[in-house]
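Following: one structure in structure tokens, then a few remarks.
One-based numbering along the sequence shown.
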Amino acid sequence: MMKHFKLPKDGGLAVKGLPEDILHSCDRIPTDVFEEESDACSEICRIVKEDINSFSEPRKFRLGFSTGSTPAPLYEKLVKEFNEGGISFRNVAIFSTDEYYFGDKCAPESRNGMLRQFIAKVDVDPADVHILPSSMPREEVTSECARFDEAARDMDLLITGMGEEGQVAFNEAGSAGRCRTRTVLLSYKSRKRQAFNFGGNVFDTPKMAVTMGIETMMTARKVIIMAWGEDKADIVQKIVEEKYDPSRPISFFQRHKNVRLLVDEGAGSLLVREAAPWLLGPCDWTPKLRRKAVIWLSQKVGKPVLELSHQDYLENSLDELLELYGPYDQINIDVFNDLQHTITGWPGGKPNADDSTRPVASKPFPKKVLIFSPHPDDDVISMGGTFIRLTHQGHDVHVAYETSGNVAVHDDVVLQHMDAARKMGFGDRFDEFKYIISTKRPGEPEPRELLDIKAAIRRSEACAADRSFGLNDETNVHFLNLPFYESGGIKKLPCTQADIDIVKALMEEIKPDQIYMAGDLADPHGTHRVCTEAVLEGIEQLREEGAAWVEDCTCWLYRGAWMEWELSKVDMAVPISPAEVIEKRHAIFHHLSQKDIVPFPGEDPREFWQRAEDRTQNTARLYRSLGMAEYQAMEVFVKLN
């Protein structure tokens, strides 16, 4: 089984021996941060088991679950516990908190993975499973909601996730604290978020939903909230450490008398205990944490690193840092030099140079470089400037596109290519593909013929971008087409050894000195994470198989269009000149199918080239604000040991 990718923890709050009231002193909802979501789910599973097994009232234990992807790893834990005889659900009544509503039409897509992943695999009585109606005449749904609400009140345990903007179930901004189970209209923004479950098309996404109300949820005797991943970090910080806000309905639970929030390190990364642990207590002051603290202080007081004063440290709870590593001016110099040494214009190493303070060794030169790109444009979007430098500086650069990216091509783009081929006399299949497109059914996998054309479009765009750098697309561009991606829809297949073997074969062929791969932990659709975990598993297997090159290979992680690395974590920063910014932009432009009409852009309305430029220019500004040299843009990387 593949290991779950995460960055190693580097310093932080010295929790051992720290009183609980200090650890939770900033929490408006008591919150526990676990290393991984699996660890958090083990704790929730323990609570469920303990509560059910100790329940002695003469009725069924009432257990509420939210739907969506967040509870999926918990279902696995509960099913495993059931199979091992640790828990029975015979005396449990289960309530779902939300469901799409299709009126009196047949429901094509249910929110309830709970049915497939959990209920069907345990011994709960089907009569005790209460699922909100997804398909029912409108004249009956109100009374059904009232019946459901009455049954669901006073649940013994409610386990729920939360949305990126503080939604709970389908209670969104503006939901009243006294609302009960009801039908709700979904806003366009909500439908856009849910389109992931409907082939990416917002217009195929239902306009209504049925949801358990806030008041009903608040009657639960005990509530557990869970959140995983960096994309939840912002909302977790707000509901845990900021005042109640009705625009974030999950914050109603600040008023609950028995509530607990469990998060993984990604979701908890912006909490004070993680973002500024020195404000709570003593810390494990690793070099990266010292850098983090000084950057935080510099940004807080608005001064470059070398201008920070003794008083700045004292007034901002960094007296322990002074005591251990002071005086203050020495800390300033140490961190300034540390940051300065991350900057290099030679990402493959500068030949015949003193590399003692450089992030990359000068030898060997040239290096064999392998860039893994989850989709056929992540390479140029995320590290196009570094890609340019590596190529122009004479390294043997290879790029591997891990997935075909076929589902991210709009149907109109296919027809445009078919029309161009027809008009140039290369064959007329326009009407054939127009018919195939017209007969697609929402929510079902796309026809293979259509996917193959879309994959070919993505390949041609990637090759054009690579040629613009001077790369030989016949010898140095590799399309892996990993099988896990080829589901024909947005939801992917499990990643298996077949995927890993494809990655291993390429690495064994090239035997790279450097590997670049995606480090996105908040990729909205999960493809980046899966691709990176496949590469890391492949490297581990090759190491165990005795591949000698692995020990001398350095892995660098880049971030994509969604967010950037914190400067406190950066190990290499590559300045990008104005001319290279333009060259990178033109390479991104070669991905025409992803321009303007990209089907899955996320919430950010900017095009990918705009996101890339804004991100790298902002990084350059951050370095400059700390007292570093001024650059047009910078791409940053984390070294994975």
Checklist entry - What class does the angle between the rings of Trp278 and Trp296 fall in, given that below 30° is parallel, 30 to 60° is tilted and above 60° is perpendicular? => result perpendicular
Checklist entry - If only atom types and distance count, is the side chain of Arg467 paired as donor or acceptor with the main-chain N or O of Ala462 below 3.5 Å? => result no
Next on the checklist: Against the six-membered ring of Phe484, is Lys492 placed for a cation-pi contact (under 6.0 Å from the centre, within 45° of the normal)?
Outcome noted: no
Item to check | Intermediate values then yes/no, side chain to side chain contact (heavy atoms under 4.5 Å, CB included), Cys555 and Met517 | outcome: CA-CA 8 Å; Cys555 294; Met517 68 183 94; 3.9 Å; yes
Next on the checklist: To the closest 0.5 Å, what do you measure between OH (Tyr401) and SG (Cys463)?
Outcome noted: 7.5 Å
Next on the checklist: Checking the side chain of Asp338 only, and the main-chain atoms of Asp334 only, is there a donor and an acceptor separated by less than 3.5 Å?
Outcome noted: no
Checklist entry - Looking only at atom types and distance, does a side-chain atom of Ser460 sit under 3.5 Å from a main-chain N or O of Ile457, one as donor and one as acceptor? => result yes
Checklist entry - With a 4.5 Å limit on heavy-atom distance, are the side chains of Pro512 and Ile510 in contact? => result yes
Checklist entry - Within the distance-only criterion (no hydrogens, no angle test), does the side chain of Glu461 pair as donor or acceptor with the backbone N or O of Ser593 below 3.5 angstrom? => result yes
Next on the checklist: Working to the nearest 0.5 angstrom, can you tell me the gap between Phe34 CZ and Ser38 OG?
Outcome noted: 11.0 Å
Checklist entry - Can a donor-acceptor pair be found between the side chains of Asp377 and His591 at a distance below 3.5 Å? => result no
Item to check | Glu508 and Trp549, any side-chain heavy atoms less than 4.5 Å apart | outcome: yes
Next on the checklist: Apply side chain to side chain donor-acceptor pair (under 3.5 Å) to residues His398 and Asp396 and explain how you reach the verdict.
Outcome noted: CA-CA 7 Å; His398 293 254; Asp396 181 17; 3.3 Å; yes
Next on the checklist: One thing to verify: whether Glu613 and Arg585 come together as a salt bridge, which I'm taking to mean a side-chain N less than 4.0 angstrom from a carboxylate O.
Outcome noted: yes
Checklist entry - Between Glu486 and Ser404, is any side-chain donor less than 3.5 angstrom from a side-chain acceptor? => result yes
Next on the checklist: Using every non-hydrogen atom in the two residues, find where Pro277 and Leu289 come nearest and quote the distance to one decimal.
Outcome noted: CG-CD1, 4.2 Å
Next on the checklist: When you measure from the side chain of Glu580 to the backbone of Ser577, do you find a donor-acceptor pair of N or O atoms at a distance under 3.5 Å?
Outcome noted: yes
Item to check | Residue of the set Lys288, Arg291, Lys639 for which salt bridge (charged side-chain N to carboxylate O under 4.0 Å, His left out) holds with Asp571 | outcome: Lys288
Checklist entry - If you take all heavy atoms of Asp264 and Glu36, which pair is closest and at what distance? => result CB-C, 3.8 Å
Item to check | Minimum heavy-atom distance between Ala465 and Ala587, given as atom pair plus value | outcome: CB-O, 3.5 Å
Checklist entry - How many angstroms lie between CG in Leu557 and CD1 in Ile515, if you round to the nearest 0.5 Å? => result 10.5 Å
Checklist entry - Distance-only, no hydrogens or angles: does the His395 side chain make a donor-acceptor pair with backbone N or O of Thr391 under 3.5 Å? => result no
Item to check | Short side-chain to backbone donor-acceptor contact, Ser309 and Asp312, under 3.5 Å | outcome: yes
Checklist entry - Is any side-chain N of the basic residue among Asp520 and Arg529 closer than 4.0 Å to the acidic one's carboxylate O? => result no
Checklist entry - Taking atom types as modelled and ignoring hydrogens, do the side chains of Tyr516 and Gln514 form a donor-acceptor contact shorter than 3.5 angstrom? => result yes
Next on the checklist: For Thr386 and Glu635, which I'm curious about, is there any donor-acceptor pair between the side chains at under 3.5 Å?
Outcome noted: yes
Item to check | Minimum heavy-atom distance Glu446-Leu450, with the two atoms named | outcome: OE1-CD2, 3.6 Å
Checklist entry - Do Leu622 and Gln299 touch side chain to side chain, with heavy atoms closer than 4.5 Å? => result yes
Next on the checklist: Applying salt bridge (Lys or Arg N to Asp or Glu O under 4.0 Å) to Lys292 and Asp10, what does each step give before you reach the verdict?
Outcome noted: CA-CA 10 Å; Lys292 182 184 182 79; Asp10 199 334; over 6 Å; no
Next on the checklist: Show, in sequence, the C-alpha distance, side-chain angles and deciding distance for Ser568 and Glu566, and conclude whether the side chain to side chain donor-acceptor pair (under 3.5 Å) test is met.
Outcome noted: CA-CA 5 Å; Ser568 62; Glu566 296 175 41; 3.2 Å; yes
Checklist entry - Do any pairs count as a side chain to side chain donor-acceptor pair (under 3.5 Å) and have a residue in residues 622-632, sequence neighbours left out, and if so which ones? => result Thr342-Tyr623
Item to check | Leu480 and Asp499, any side-chain heavy atoms less than 4.5 Å apart | outcome: no
Next on the checklist: Any non-hydrogen side-chain atom of Asp231 less than 4.5 Å from a side-chain atom of Met563?
Outcome noted: no
Checklist entry - For Trp565, is the NZ or CZ atom of Arg559 found under 6.0 angstrom from the centre of its six-membered ring and inside 45 degrees of the ring axis? => result yes
Next on the checklist: Any heavy-atom pair between the side chains of Met634 and Val574 that's under 4.5 Å?
Outcome noted: no
Next on the checklist: Checking Gln237 against Glu274 for the side chain to side chain donor-acceptor pair (under 3.5 Å) test, could you report, in this order, the C-alpha distance in whole Å, the side-chain angles of both residues, the deciding distance, and whether it holds?
Outcome noted: CA-CA 10 Å; Gln237 186 276 325; Glu274 302 294 329; over 6 Å; no
Next on the checklist: Could you tell me if the side chain of Ile500 sits less than 4.5 Å from the side chain of Gln497, heavy atoms only?
Outcome noted: yes
Item to check | Asn481 backbone acceptor or donor facing Thr403 side chain under 3.5 Å | outcome: no
Checklist entry - Hey, does the side chain of Gln594 reach the backbone of Ala408 with a donor-acceptor pair shorter than 3.5 angstrom? => result yes
Next on the checklist: Does the plane of the ring in Phe589 sit parallel, tilted or perpendicular to the ring in Trp609? Use 30° and 60° as the thresholds.
Outcome noted: perpendicular
Next on the checklist: When you compare the side chain of Ile576 with that of Lys584, does any pair of heavy atoms fall below 4.5 Å?
Outcome noted: no
Item to check | Closest non-hydrogen atom pair, Pro282 against Leu13 | outcome: O-CD1, 3.6 Å
Checklist entry - What's the verdict on side chain to side chain contact (heavy atoms under 4.5 Å, CB included) for His417 and Ile453, showing C-alpha distance, side-chain angles and the deciding distance? => result CA-CA 9 Å; His417 280 75; Ile453 292 293; 5.8 Å; no
Item to check | Within 6.0 Å of CD in Gln416, more than 12 heavy atoms from elsewhere | outcome: no
Checklist entry - Say you draw a straight line from CG of Asp614 to OG1 of Thr619; how long is it, rounded to the nearest 0.5 Å? => result 10.5 Å
Checklist entry - How far does CD of Glu583 sit from CZ of Phe387, to the nearest 0.5 angstrom? => result 10.5 Å
Item to check | Smallest separation among heavy atoms of Met507 and Gly538, with atom names | outcome: CE-C, 3.8 Å
Next on the checklist: Would you compute the distance between atom CG of Leu471 and atom CD1 of Ile388 and round it to the nearest 0.5 angstrom?
Outcome noted: 11.5 Å
Checklist entry - Without hydrogens or angle criteria, can the side chains of Asp466 and Asn476 be said to hold a donor-acceptor pair below 3.5 Å? => result no
Please list, one pair per line, the donor and acceptor atoms closer than 3.5 Å that link side chains of residues 360-373 to other protein atoms, with sequence neighbours excluded.
residue, atom, partner, partner atom, Å
Ser362, OG, Asp355, OD2, 3.2
Lys367, NZ, Gly348, O, 2.7
Lys367, NZ, Ala361, O, 2.7
Lys367, NZ, Pro364, O, 3.0
Ser373, OG, His375, O, 2.4
Ser373, OG, Asp378, N, 3.4
Ser373, OG, Asp379, N, 3.1

Checklist entry - Counting distance only, does the side-chain N/O of Arg290 pair as donor-acceptor with the main-chain N or O of Trp285 below 3.5 Å? => result yes
Checklist entry - Among Glu540, Glu544, Glu545, which residue meets the side-chain contact (heavy atoms from CB on, under 4.5 Å) test with Leu542? => result Glu545
